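Predicted model, so just to flag it, every value in this text is computed and none were measured. Sequence lines set the chain letters: A, B, ... in the order given, protein chains first and strands last, and positions in each chain run from 1.
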Amino acid sequence: MERKFIQGNEACSEGALYAGCRFYAGYPITPSSEIMEVMSVRLPKVGGVFIQMEDEIASVCAIVGASLGGLKSMTATSGPGFSLMQEGIGFACMAEVPCVIVNVMRSGPSTGYPTGPSQADMMQVRWGTHGDHPMIALTPSTVQEILTETVRAFNLAETYRTPVVLLYDEVIGHMREAITLPKEGELEVVDRARPNCPPEEYRPYDISKGEIPPLAAYGEGYRFHVTGLYHGEDGFPTGNTKLIEEANKRLLSKVEKNREKIWKNEDFYLDDAEIGIFAYGVSARSAKFAVKELRKKGIKVGLLKPLTIWPFPDKAVREMAEKVDTIIVPEMNLGQISLEVERAAGGRCDVRGIYRVDTEPIHPQQIMDAILSREELTLPTELAERDMTDG
Amino acid sequence: MNEKETVKEVATKPPREKKKWNIVIYEELCKGCSICVDFCPTDVLTMKGDVVAVKALERCTGCQLCDLRCPDFAIQVFPE
Amino acid sequence: MSDRVELRFSGSGGQGMILAGIIMAEAAAIYDGKNAVQSQSYGPESRGGATRAEVIISTEEIDYPKATSIDAMLAMTQEACNKYHKDIKEGGILLIDADEVRDIPKGNFKVYSFPIIRYAMENLGKAIVANIMALGMITELTGVVSHQAIEKAVLARVPKAFLELNKKALHAGFEKAKELKPVEA
Amino acid sequence: MAGEAAVKVPYREKRPFDYSQYIRKGKLPHIWCAGCGHGIVLKSLLRAIHASGLSKDEICMVSGIGCSSRTPGYVDFNTLHTLHGRAIAYATGVKLAKPNLKVFVATGDGDALAIGGNHFIHACRRNIDMVILVYNNYIYGMTSGQASPTTPQGMVATTSRYGHIDPPFDTCEMAKAAGATFVARGTAYHCQELEKIFYEAIHHKGTAVIDILDSCPTYYGRLNKMKSASEMMLKVEKDGTVPVAQAAKLPPEKLEGKKLRGILYRAERPEYCEEYFKLIERVHG
């Protein structure tokens with residue numbers, strides 16, 4: 001077992017290479033650039049292709065092109081770049097092209113504070129592109145998890161023929177921890193289903209044999225057509241309203257139907273918890289610290305840490321909501337996921353947020369204080385009435 | 001190369017019996033832009049309503065310009 | 001709390017504070033078999049201005065990766081010292097460069113002062129190894145990692161041509177720290 | 001070796017040419033308006049492809065959004081119809097993943113030079129092997145007649161009703177300045193010459209840009225009082241251009257307002273994919 005002391009972003013590159021990523025296109029942006037720097041060194045050594053594109057739009061387009069050329073492909077960026085990529089992500093959803101996009105979140109909106117962490121792209125990731133579309137997004141919170149979740153991101157992208165976003169904050173991306181590099185075969189690596197029918201029979205969106213049709217690669221005898229327009233099972237544009245509605249619904253349902261397989265959570269002291277915390281990324285680390293401290297004081301607090309944030313872990317939240325009085329959602333934004341938790345909890349318990357948007361991670365003390373004096377907690381919907389000048 | 005050169009080329013071929021041509025019009029593809037009519041060097045074609053039609057096949061030299069400039073894959077000239 | 005130890009290395013960009021942090025964390029995580037997390041303020045500061053690297057070391061799982069109450073802090077500039085000393089815990093340690101930090105902050109912590117940069121320049125021949133010397137001093141003052149571990153970690157990180165120099169700097173740090181007494185408030 | 005539009009093509013295709021071998025079954029008629037030159041351009045391309053001997057499996061055609069960008073849907077190659085302006089970026093990914101593919105980009109003046117201008121110049125800079133066909137009809141046709149980056153000054157579009165004041169881009173000059181190693185201009189009117197330019201472009205290694213003057217009678221023609229497609233072809237494409245070889249012999253006043261036609265620039269420079277694969281060999285082990 002090889003133990004290495006590496007940065008989160010480096011672990012992301014390790015995970016990508018382990019998963020078989022052979023194409024990276026990207027554009028520099030803090031705090032994600034280390035991923036592309038490492039890929040630029042490592043990819044050619046394994047016969048893969050690295051290209052620095054002229055912008056993030058070009059980057060996401062290039063990875064989709066390369067994926068259609070048969071290579072597992074990825075790009076990495078941060079909020080501003082992710083905003084630019086949205087149209088391309090929508091295309092990948094629509095055309096059902098597997099790819100992985102890493103978003104290392106920094107403060108925003110706009111240029112914000114490039115080197116300060118945030119968790120403010122949670123909804124951008126879910127709903128950033130136009131139209132209804134599926135989304136799978138993973139939220140690791142340790143350097144080891146970045147590696148394993150990157151591998152899982154590729155696996156999910158390949159399994160469901162859809163873009164997958166790996167989403168973590170600057171703190172997780174830049175901190176260093178010792179990790180164990182997995183041996184070959186230790187982690188599952190999934191490759192996309194390829195067609196085995198004769199080329200003339202191939203229809204790139206034919207779901208008669210399963211809801212995720214096999215994907216051919218360009219240049220291998222299957223001369224298929226891909227478009228961002230609504231298309232029939234043959235890939236050609238269609239104006240047939242019935243086909244359009246079916247295609248729209250299938251895009252969502254192929255992920256939603258399989259969410260049990262896509263969900264991955266970790267829970268901590270939840271069994272007898274009276275107060276639950278729902279936290280991801282660096283906030284989950286702060287929360288875990290707080291849980292340990294509060295447990296020492298005899299306060300029954302537990303943590304639910306989602307590794308899959310989209311599709312949203314409704315079931316786990318609902319189960320937690322049935323057990324606890326209150327769910328606390330600490331996040332480095334002004335309540336993006338806490339509203340989602342509130343929705344999933346469905347009135348079974350109180351949901352309160354702890355928000356921080358000053359470019360510093362949420363301090364464990366902030367969570368502890370809030371739990372010890374519950375009145376400081378904010379209802380997600382009360383945000384507008386809050387004194388915003390109050391740190 | 002322009003149409004005149006093409007005509008010349010055909011015209012300077014060794015004297016032999018004048019070759020005959022058949023013009024095939026795919027009416028379902030013709031959008032009636034009349035480019036083929038306007039640029040036919042020997043005035044073989046005409047517009048009949050919204051589609052092209054042959055008016056003087058005997059003048060056809062087989063230069064193919066109608067085919068080459070048809071944007072709609074709607075006309076072709078075959079040797080008889 | 002557990003045996004969580006929090007260290008902060010601060011100075012100005014280019015003084016090697018982040019590298020010092022990484023080496024300390026590697027000494028703990030790779031060579032001493034503990035857990036360690038290294039993080040840094042990653043900002044415009046990294047190109048000058050006040051910069052900081054933080055290292056958390058524990059035998060247990062480390063959750064919050066940033067400092068909460070600091071066991072030991074190094075300050076190589078006045079600006080960094082002023083900006084970052086506030087989180088030092090009661091009874092903690094502040095090691096300052098004697099020439100750079102003239103205005104010594106007050107608090108319930110022990111302050112050790114030594115002209116690290118000057119010593120590195122005059123006795124080791126290169127100011128650039130001041131960070132490694134400081135690393136030796138912090139190791140000595142805290143005992144958070146073993147001498148062997150920190151030495152291995154230093155040697156694994158520095159360029160081959162400078163192995164001896166860095167080793168000398170590290171050991172000078174150990175030695176000088178042994179002689180240090182806290183500055184009287 | 002600039003100049004020399006009169007390229008020798010080592011074949012004489014039997015006429016009529018059988019386009020159906022390249023057109024996907026059931027896809028005609030295409031969506032282009034009556035008199036639109038895009039079909040002429042496509043046919044010229046198919047003849048050149050046939051002459052080059054490329055198999056259909058070896059070809060990938062990528063497009064963005066716009067009228068010209070519908071081209072890939074009709075042709076029986078590996079085809080990709082993408083986002084507005086981004087065809088070249090997608091094509092770059094495809095080409096690097098499958099370097100043996102001959103990649104064509106079908107794009108328009110708006111797609112390539114406005115929204116996609118950045119990708120256009122960077123592809124030229126890299127000299128990545130692809131043939132970029134800029135169907136240049138001076139207008140946004142798909143969105144019904146707005147001014148484009150090539151709309152000449154003084155002309156009318158639905159967004160320049162008082163006469164267009166923006167200076168236009170010269171596609172070829174820009175491609176050349178950005179580093180493209182094959183730069184040519186053809187027209188739909190000179191469709192056989194265009195076929196030869198395509199043939200040469202296909203055999204070129206590196207970024208080949210062809211500015212194809214082509215007409216949009218529906219919007220550009222109607223808005224600018226040109227009665228028919230044929231009139232546009234005569235005015236803009238025939239009388240508006242001069243073959244580059246002839247231009248050298250003409251006095252400046254005869255060249256005024258005319259565009260040069262033919263292969264305008266050709267150079268040899270390392271091609272991006274080849275360079276990258278050399279790099280892989282260098283660092284591989």
Would you say the side chain of [Y] lies within less than 4.5 Å of the side chain of [X], judging by non-hydrogen atoms?
{"X": "A/L229", "Y": "D/R70", "result": "yes"}
{"X": "A/H231", "Y": "D/H81", "result": "no"}
{"X": "A/M53", "Y": "D/T92", "result": "yes"}
{"X": "A/Y222", "Y": "D/D57", "result": "no"}
{"X": "A/P44", "Y": "D/H284", "result": "no"}

Structural part of [X] lying under 4.5 Å from a heavy atom of chain D:
{"X": "A/I51", "answer": "both"}
{"X": "A/V41", "answer": "neither"}
{"X": "A/L68", "answer": "side chain"}

Checklist outcome for this item: Okay, D/Y276 and chain A: the region with an atom under 4.5 Å from a heavy atom over there is side chain

Checklist entry - Checking heavy atoms, do the side chain of D/L80, its backbone, both or neither come under 4.5 Å from chain A? => result both

Checklist entry - Does the pair A/E54 and D/I121 meet the rule for a side-chain contact (heavy atoms from CB on, under 4.5 Å), with working shown? => result CA-CA 10 Å; A/E54 52 273 16; D/I121 57 173; over 6 Å; no

Which atom of [X] lies closest to which atom of [Y], heavy atoms considered:
{"X": "D/K98", "Y": "A/A217", "answer": "NZ-CB, 4.3 Å"}
{"X": "A/Y218", "Y": "D/T79", "answer": "OH-O, 2.6 Å"}
{"X": "D/I280", "Y": "A/G48", "answer": "CD1-O, 3.4 Å"}
{"X": "A/A66", "Y": "D/A97", "answer": "O-CB, 3.5 Å"}
{"X": "D/V283", "Y": "A/K45", "answer": "O-CG, 3.7 Å"}
{"X": "D/L83", "Y": "A/C61", "answer": "CD1-SG, 4.4 Å"}

May I ask you to check whether over 12 heavy atoms, not counting those of [X], lie within 6.0 Å of atom [atom1]?
{"X": "D/E275", "atom1": "CD", "value": "yes"}
{"X": "A/F50", "atom1": "CZ", "value": "yes"}
{"X": "A/E184", "atom1": "CD", "value": "no"}
{"X": "A/E245", "atom1": "CD", "value": "no"}

Checklist entry - Which residues in residues 21-28 of chain D have any heavy atom lying under 4.5 Å from a heavy atom of chain A? => result D/R24, D/K27

Checklist outcome for this item: Greatest number of non-hydrogen atom pairs under 4.5 angstrom with chain D, of A/V49, A/I63, A/V46, falls to A/V49

Checklist outcome for this item: One should read off an interatomic distance between A/H225 NE2 and D/Y74 OH, to the nearest 0.5 angstrom, of 9.0 Å

Checklist entry - Among D/M61, D/H84, D/R86, D/R125, which has the most heavy-atom pairs under 4.5 Å with chain A? => result D/R86

Checklist entry - Please walk me through it: do A/F91 and D/Y90 pass ring-ring contact (aromatic ring centres under 6.0 Å, His included)? => result CA-CA 11 Å; A/F91 181 89; D/Y90 282 93; 5.0 Å; yes

Next on the checklist: Check D/E58 with A/R223, please: is the shortest side-chain N to carboxylate O separation under 4.0 Å?
Outcome noted: no

Checklist entry - Do any of residues 17-26 of chain A have a heavy atom less than 4.5 Å from a heavy atom of chain D, and if so, which, in residue order? => result A/F23

